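Reviewing the structure listed below.
Naming convention: chains lettered A, B, ... in sequence-line order (proteins, then strands); numbering from 1 in each chain. The model shown is predicted, which means the values in this text are computed figures rather than measured ones.
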Protein chains: 2
Amino acid sequence: MSDRKDANEVTADDVAQAAGVSRWTVNRAFKPNASISAKSRQTVMEAAEKLGYAPNLLAASLASDRSNLVALLVDDFSNPHKLVMMERLTRVLRKNGWDTLLVNMLDKDDAPGALLSASQRRVDAAILIGVQFDDDVLSAALGARRVKKLIIFARNSENPDTISISVDDHAAMTEIADYVMGRDYQRPFFLAGPQTKSAHLTRQEAFVARWQEHRGMTPEVADVPSYDPGMAYSAIIDRLSERQPDAFPDVIVCENDALAIGAMDALRHHFNLRIPEDVAVTGFDDVPAAANPNYRITTYRQPITRMAERLVTLLSGELEQTENQQFLGQMVIRNSA
Amino acid sequence: MSDRKDANEVTADDVAQAAGVSRWTVNRAFKPNASISAKSRQTVMEAAEKLGYAPNLLAASLASDRSNLVALLVDDFSNPHKLVMMERLTRVLRKNGWDTLLVNMLDKDDAPGALLSASQRRVDAAILIGVQFDDDVLSAALGARRVKKLIIFARNSENPDTISISVDDHAAMTEIADYVMGRDYQRPFFLAGPQTKSAHLTRQEAFVARWQEHRGMTPEVADVPSYDPGMAYSAIIDRLSERQPDAFPDVIVCENDALAIGAMDALRHHFNLRIPEDVAVTGFDDVPAAANPNYRITTYRQPITRMAERLVTLLSGELEQTENQQFLGQMVIRNSA
DNA sequence: TTGTAAGCGTTATCAG
DNA sequence: CTGATAACGCTTACAA
């Protein structure tokens with residue numbers, strides 16, 4: 001049945017033999033700062049090259065209990081920003097010698113299963129870039145000691161055993177609020193994503209607080225069950241239909257671009273309104289589509305690459321951090337507000 | 001230094017001891033159709049549950065030389081369709097017990113490196129969903145015996161040692177051509193993606209051939225270096241600026257939706273043209289944005305889920321296929337043409 | 001700097 | 001159906 005196991009099953013022993021050294025020397029040759037003479041290393045590398053040897057990472061992981069593998073747990077694939085994050089993360093990780101196991105959280109209750117999958121491959125860390133990881137799930141996961149490190153990427157978490165690498169949502173949203181107030185909009189409407197139990201309502205809270213503080217009134221808020229342009233589209237229609245002009249918002253501040261795109265589509269194609277003349281819109285993330293001439297969204301860009309680089313230092317353990325890492329991004333002013 | 005190795009390091013031996021059986025029996029309990037009595041299995045499972053045991057897949061893979069791991073090699077993250085494919089693929093794979101290693105091909109010449117990464121984790125197969133795998137790369141990869149199976153997903157390949165699972169591009173594009181001709185467009189323009197050496201020019205060729213056959217003239221063709229809406233936007237502007245109205249195409253047939261989106265944006269926002277009144281546009285893939293009210297693209301939907309399911313049967317070896325697998329999708333008629 | 005012994009946690013295979 | 005032996009290919013000591 002299995003006729004594999006032909007060539008390519010070259011082991012360190014084979015190389016050792018070919019190079020006339022011991023297996024352990026072969027090993028050292030492949031380890032960046034091992035104590036090995038330059039000469040030995042070269043002999044080994046030549047033999048390895050000739051035989052087509054590459055270390056078996058499975059065996060290495062088993063023997064060493066570190067795998068140089070991280071799991072990326074994702075749940076909301078409808079948000080286009082996920083594609084950007086996945087690209088950046090895998091790029092930076094791979095450049096630094098880490099491989100990525102992509103785990104699709106199939107549904108709301110799949111978090112434990114997803115984490116289990118990851119742990120069975122002995123990943124060194126699990127990186128969460130989904131939305132459905134509330135603190136209950138995290139505690140359960142950590143309680144079960146499923147993974148060594150749990151890192152929440154691009155989202156806050158209050159869980160003390162978890163490290164989050166994210167943008168300073170409060171600062172970012174305050175900046176957006178100030179910008180919007182600076183343009184003198186009067187009737188704000190905040191469009192939020194899923195209202196889970198964890199701490200990621202920061203954006204909404206920050207906006208609302210800032211507006212209250214400066215204008216003495218509480219902005220209207222609506223939420224959708226997932227970061228999906230289609231859901232945002234429907235939500236806006238549901239919520240704003242049959243509204244008198246003077247009760248219609250003049251600016252819709254969205255928790256992210258996925259929602260902003262849906263909102264803009266609804267505004268233009270359902271309500272037949274112009275943006276920003278009739279209603280302005282702001283987003284968050286600066287997804288690729290935000291720059292396209294149809295949208296030209298005024299949004300906020302997270303420094304994903306820098307965040308990914310921080311992640312790498314966290315993984316390598318250089319930084320014995322347990323504190324959450326906060327970054328500052330920058331507003332990108334375009335035409336939608 | 002390492003204070004891990006606390007709990008969770010439960011092995012089959014521990015469970016065996018707790019359950020009063022041998023390690024091998026524990027193992028059998030976790031294997032679907034192993035010869036083990038129902039009673040033994042239950043005892044084992046209870047003990048396992050209590051101790052929180054889960055098989056170490058690293059060790060299993062090492063010992064068995066099958067890993068139940070596949071690598072997904074991706075290179076063009078700017079195409080939104082990739083997100084859809086990744087979601088479907090990981091979903092179907094995981095449901096069937098396969099894990100996914102996501103490998104980002106960092107640049108044009110990274111294919112060998114990416115394949116090497118995958119092979120070092122001893123993946124059972126590498127699935128290619130990028131564009132830069134031309135037949136040279138594939139041959140090299142196979143020559144180096146890097147991976148056991150190489151599967152090209154959603155794209156054709158002529159390489160005989162490779163299996164491709166894709167839509168029947170010829171049939172699909174012929175259907176689109178017929179549709180376009182049926183609407184009586186006269187001046188077609190085909191917008192193609194990267195012109196690599198492999199066989200994926202089928203769409204372009206099919207369209208051109210069909211048009212020639214029925215109309216006796218060769219459609220104009222342009223190509224862009226990557227499936228990126230932004231590139232398509234620029235390409236359309238470069239190519240069509242300063243053209244007299246009667247030389248301007250009345251339908252732009254795009255190799256996929258990523259290009260169609262860029263083309264539509266250029267047509268509307270740069271040339272100030274209406275779609276489909278002034279110029280019609282067709283796409284391919286039916287990405288989520290194709291359905292949004294801004295675009296409403298007439299496109300072609302690939303049966304990704306069925307294709308992913310076929311992939312799984314291919315992986316499990318039930319099908320000792322070496323032939324390429326072709327699927328039929330369906331046209332989705334919307335407003336853009 | 002280099003070699004050696006003892007595992008890492010499974011599975012294939014064969015004996016009972 | 002169950003138990004035992006020998007790998008799988010590497011790493012972590014530690015000794016030479």
Side-chain angles (χ1 to χ4, degrees), chain A residues 1-2 4-5 7-44 47-48 51-69 119-124 148, chain B residues 1-2 4-5 7-44 47-48 51-69 119-124 148:
Chain A
M1 178 114 288
S2 160
R4 303 291 161 198
K5 179 146 298 188
N8 198 25
E9 300 299 340
V10 186
T11 74
D13 278 322
D14 301 329
V15 177
Q17 192 161 27
V21 298
S22 72
R23 163 151 49 101
W24 295 270
T25 303
V26 171
N27 219 284
R28 291 185 183 103
F30 279 88
K31 188 168 266 170
N33 13 15
S35 62
I36 182 179
S37 67
K39 189 166 169 303
S40 292
R41 170 168 276 147
Q42 183 173 352
T43 325
V44 169
L51 299 179
Y53 168 77
N56 180 336
L57 262 24
L58 244 38
S61 308
L62 180 59
S64 69
D65 88 10
R66 68 190 307 274
S67 57
N68 266 278
L69 218 210
S119 77
Q120 289 193 269
R121 299 276 173 196
R122 295 298 185 265
V123 298
D124 290 332
K148 305 178 197 168
Chain B
M1 178 117 288
S2 160
R4 304 290 161 199
K5 178 145 299 187
N8 196 28
E9 298 300 340
V10 185
T11 75
D13 279 321
D14 301 329
V15 178
Q17 190 162 27
V21 298
S22 74
R23 164 153 46 103
W24 298 272
T25 301
V26 172
N27 219 283
R28 291 186 182 101
F30 280 88
K31 188 168 265 170
N33 15 15
S35 60
I36 181 177
S37 69
K39 189 167 169 302
S40 290
R41 172 169 274 149
Q42 184 174 350
T43 325
V44 169
L51 300 180
Y53 168 76
N56 180 337
L57 262 26
L58 244 37
S61 307
L62 180 60
S64 69
D65 87 12
R66 68 189 310 271
S67 57
N68 266 276
L69 219 208
S119 76
Q120 290 194 268
R121 298 275 174 198
R122 295 299 184 262
V123 297
D124 290 332
K148 306 178 196 167

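Side-chain atoms of A:Arg28 never come within 3.5 Å of backbone atoms of A:Arg41 as a donor-acceptor pair (strictly under, hydrogens ignored). At distances below 3.5 Å, not a single donor-acceptor pair connects side-chain atoms of B:Thr43 with backbone N or O atoms of B:Ala19.
Relative to the side chain of A:Glu9, the nucleotides C:dA12, C:dT10, D:dG9 differ in distance, and D:dG9 lies closest.
Atom pair B:Arg122:CZ and D:dC10:P shows a separation of 7 Å (rounding to whole Å applied). Rounded to whole angstrom, the span from the CG atom of A:Asn56 across to the P atom of C:dC8 amounts to 18 Å. For the pair A:Leu62 CG and D:dT11 P, the computed distance is 11 Å after rounding to whole Å. A:Leu57 has its CG atom 19 Å from the P atom of D:dC8, to the nearest Å. A:Gln42 has its CD atom 13 Å from the P atom of C:dT2, to the nearest Å. Taking atom CG on A:Asp14 and atom P on D:dC8, their separation rounds to 11 Å, with Å as the unit. Atom CG of B:Leu58 and atom P of D:dC10 are 13 Å apart (whole Å).
In this structure the side chain of A:Leu69 never reaches within 4.5 angstrom of the side chain of A:Arg122, judged on heavy atoms.
Note on B:Lys31: only backbone sugar-phosphate atoms sit closer than 4.0 angstrom, heavy atoms only; bases stay farther off. Residue A:Asn27 is classed as a base contact, given a heavy-atom separation below 4.0 Å to a base. B:Phe30 comes within 4.0 angstrom of no nucleic acid atom, judged by non-hydrogen atoms across all strands.
Put simply, CZ on A:Arg121 and CG on B:Asn68 are 6.5 Å apart, with the number rounded to the nearest 0.5 Å.
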Determine, stepwise, if the pair A:Asn56 / A:Thr11 fulfils side-chain contact (heavy atoms from CB on, under 4.5 Å). CA-CA 8 Å; A:Asn56 180 336; A:Thr11 74; over 6 Å; no
Treat primed atoms plus P, OP1 and OP2 as sugar-phosphate and everything else as base, then score nucleotides 2-7 of chain D 5' to 3': B for base contact with protein heavy atoms under 4.0 Å, S for sugar-phosphate contact only, - for none. BBBB--
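Partners of A:Gln17 according to the side chain to side chain donor-acceptor pair (under 3.5 Å) rule, which considers only residues two or more places apart in sequence or in another chain, do not exist here.
With hydrogens and angles left out, the side-chain atoms of B:Ser22 and B:Thr25 include a donor and acceptor closer than 3.5 Å.
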